[in-house]
2 protein chains.
Amino acid sequence: MTALHLKTAEFEKATHSDFFNIAVSVDCVIFGYEDKKLKVLLIKSDLEEFDGLWSLLGDLVRPNEDLEEAPYRVLLDRTGLKDVFLQQVQTFGSINRHPSGRVVTTAYYSLINIINHQPKSLENEVHWHSVKGLENLAFDHKLILDTCLKRLQEQIMEHPIVFNLLGEKFSLRQLQDLYEAILGIDLDRRNFRKRITLKGWLVDLNEMEEDVPHRPGKLYKLRNQLRKEFCLGEKKHLEAVVSN
Amino acid sequence: MTALHLKTAEFEKATHSDFFNIAVSVDCVIFGYEDKKLKVLLIKSDLEEFDGLWSLLGDLVRPNEDLEEAPYRVLLDRTGLKDVFLQQVQTFGSINRHPSGRVVTTAYYSLINIINHQPKSLENEVHWHSVKGLENLAFDHKLILDTCLKRLQEQIMEHPIVFNLLGEKFSLRQLQDLYEAILGIDLDRRNFRKRITLKGWLVDLNEMEEDVPHRPGKLYKLRNQLRKEFCLGEKKHLEAVVSN
DNA sequence: CATAGAATGTGTTTGAAGTACATAATGTAA
DNA sequence: TTACATTATGTACTTCAAACACATTCTATG
């Protein structure tokens, strides 16, 4: 006998009082990259229970909103960015994870260029924090962050998803610094170049770095096709992007 | 201004009426294996809207129940099995995916040995179905099934998770048949043996198949350590298992 | 009992991809 | 001009996956 498979008036009533009383939220782990460090966008929690702690950017899913739409809305509200890469990672639903009631949350991660969103420090208490050494987040947000970071680490060698974190043009050294920041390990320069170039993700621009205090490196960019597919949101958003 | 970060009486009221009215369910994609075919456990839907269609085994998450507990309960209720491997895959939350109201569902997959659960045909309308060629499931369950199958396919070469689908002792031929059923492709016998034995998952029992109409193959079993880790539920269940 | 047939068990070769490591070339700065 | 840092590229060794061939062991049949 499962609750979903009865079909009486009593059931309807019982179901709605007993079961349809959960809120669903989305939490966005928004990664950025600055100063050779991986960062994450956090907001000061204003719940008494988590006074002074930082939390991920999230919000409740609205009644007229698909789950998958919600993180795009959060991202648009918080960063002004749309058509971004966004991926569902995992759902967290411990009974007491939220002090205000039963809130089940689905975590998404995203990658945006910090240059495009330097939060005005007065606006609201949104700040970029280094991922490394981050502790004591509100709710179960440390667990969510760790889970999303692990997923990100698993995916960066498989898919060209990190290029939102750089400018359009970049040197291989900059790209390697980024990979090292995400993975938390050092990579061999020569092997890294080989692996990346073999993937065929990059286009050689035949340009050189400028204003660097050393020998300039060649500049590359991500292939246009791939930028559309992996950096600008999901397939349903593709049409709008392509038509621009 | 996000709903989660206000904190007034009005907010409380508005929040609870507007947001805390979703039900969360879990749906279990329970894979089995029989007759060299991958199967999935389905139940006849008794919702009018899906008359005659099959659906996955699921249930609403209870108020006093962690999300992660729910699929274990469903599995226990439906199959009598506990301490099984179970993994969260993805959460589905389209507005109208459930005709009875807003139900967000988290999908899990599991692997159990059909021998241990031959549903009594009278009991309730639970049956094993071949995964291949399955169409027209209730709700968005076809999408959920496809998503879980894809995840399963991605994982079977990385982790020793499929051994619940076989008896304790098995030949490499039987194991290969299983992999082929899951992946939907043919594998080369010699390369398969090499890949599997290199992983160090198996123990050679120094026994032979019996009652087979051809040359008997050697029998293997999964290493005990791995059976505990990957076939008998998650870490939180490990202690209970180990103490048996 | 001999032989054919079918499935098991164990290689080798080849090429692609990953790892470890060295050297040449180009720019800055003293 | 020289020292130094950084870019750019190459080579040998290993690991991994795919394609492929042959010998062994049991059953079945005449």
Side-chain angles (χ1 to χ4, degrees), chain A residues 35-37 153-160 162-163 166-222 226, chain B residues 33 35-37 153-160 162 166-167 169-222:
Chain A
D35 198 21
K36 297 193 180 180
K37 288 196 276 286
Q153 291 172 337
E154 290 166 358
Q155 304 231 301
I156 57 174
M157 279 305 181
E158 310 302 320
H159 306 288
V162 302
F163 297 89
L166 296 172
E168 192 184 353
K169 303 176 181 181
F170 49 86
S171 68
L172 286 178
R173 178 72 225 174
Q174 289 174 310
L175 185 61
Q176 182 180 340
D177 284 339
L178 172 55
Y179 270 81
E180 289 178 343
I182 293 175
L183 295 173
I185 58 175
D186 290 340
L187 301 171
D188 181 88
R189 200 172 60 247
R190 298 151 288 194
N191 295 331
F192 177 78
R193 297 173 64 92
K194 200 186 305 175
R195 284 175 73 179
I196 291 294
T197 53
L198 276 177
K199 297 204 182 288
W201 294 344
L202 303 184
V203 176
D204 187 337
L205 289 170
N206 289 318
E207 295 178 51
M208 292 303 213
E209 283 182 306
E210 293 177 8
D211 300 322
V212 287
H214 52 72
R215 172 180 173 183
K218 289 163 84 173
L219 291 177
Y220 297 80
K221 67 166 189 155
L222 183 62
L226 297 176
Chain B
Y33 176 65
D35 198 22
K36 298 193 179 181
K37 287 196 275 285
Q153 291 172 337
E154 289 166 359
Q155 304 232 300
I156 58 175
M157 278 307 181
E158 310 302 321
H159 306 290
V162 302
L166 295 172
K169 303 176 181 182
F170 49 85
S171 67
L172 287 177
R173 178 71 223 172
Q174 289 172 311
L175 185 61
Q176 182 180 340
D177 285 338
L178 172 56
Y179 270 80
E180 290 178 343
I182 293 174
L183 294 174
I185 57 175
D186 289 339
L187 301 170
D188 180 88
R189 198 174 66 245
R190 297 152 287 192
N191 293 333
F192 176 78
R193 298 173 65 92
K194 201 183 306 175
R195 284 174 73 178
I196 290 294
T197 53
L198 276 178
K199 298 205 182 286
W201 294 344
L202 303 184
V203 176
D204 186 338
L205 289 171
N206 288 318
E207 295 178 51
M208 293 302 213
E209 283 182 306
E210 292 176 8
D211 300 323
V212 288
H214 52 72
R215 172 180 174 183
K218 289 163 85 174
L219 291 178
Y220 297 81
K221 67 165 189 159
L222 183 62

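Each chain gets a letter, A, B and so on, in the order its sequence line appears, and its residues count up from 1.
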**Asked** Minimum heavy-atom separation for A:Arg193 to A:Tyr220, with atom names?
**Response** NH2-OH, 4.3 Å
**Request:** Going 5' to 3' through nucleotides 18-30 of chain C, assign each nucleotide B (protein heavy atom under 4.0 Å from a base atom), S (under 4.0 Å only from sugar-phosphate atoms) or - (no protein heavy atom that close).
**Result:** SBBBB--BBSS--
Indicate yes or no for a side-chain donor-acceptor contact from [X] to the backbone of [Y] under 3.5 Å, with no hydrogens or angles considered.
X	Y	answer
B:Glu180	B:Leu187	yes
A:Gln174	A:Ser171	yes
A:Glu209	A:Leu219	no

Rounding to a whole Å, what distance do you find between [X]:[atom1] and [N]:[atom2]?
X	N	atom1	atom2	value
B:Phe192	D:dC20	CZ	C1'	19 Å
B:Leu219	C:dT8	CG	C1'	13 Å
A:Glu207	D:dT7	CD	P	18 Å
B:Arg193	D:dA17	CZ	P	17 Å
B:Lys218	C:dT10	NZ	C1'	10 Å
B:Leu187	D:dC20	CG	P	16 Å
B:Asp186	D:dC20	CG	P	15 Å
A:Gln174	D:dT6	CD	C1'	13 Å

**Complete:** Residues pairing under salt bridge (charged side-chain N to carboxylate O under 4.0 Å, His left out) where one sits in residues 195-207 of chain B, two or more places apart or in two chains, turn out to be B:Lys169-B:Glu207, B:Asp204-B:Lys218
**Message:** What's A:Arg173 touching, base or sugar-phosphate or nothing? Going by heavy atoms closer than 4.0 Å.
**Reply:** sugar-phosphate
**Request:** Report the relative orientation of the aromatic rings in A:Phe170 and A:Phe163; use parallel for angles under 30°, tilted for 30 to 60°, perpendicular for over 60°.
**Result:** tilted
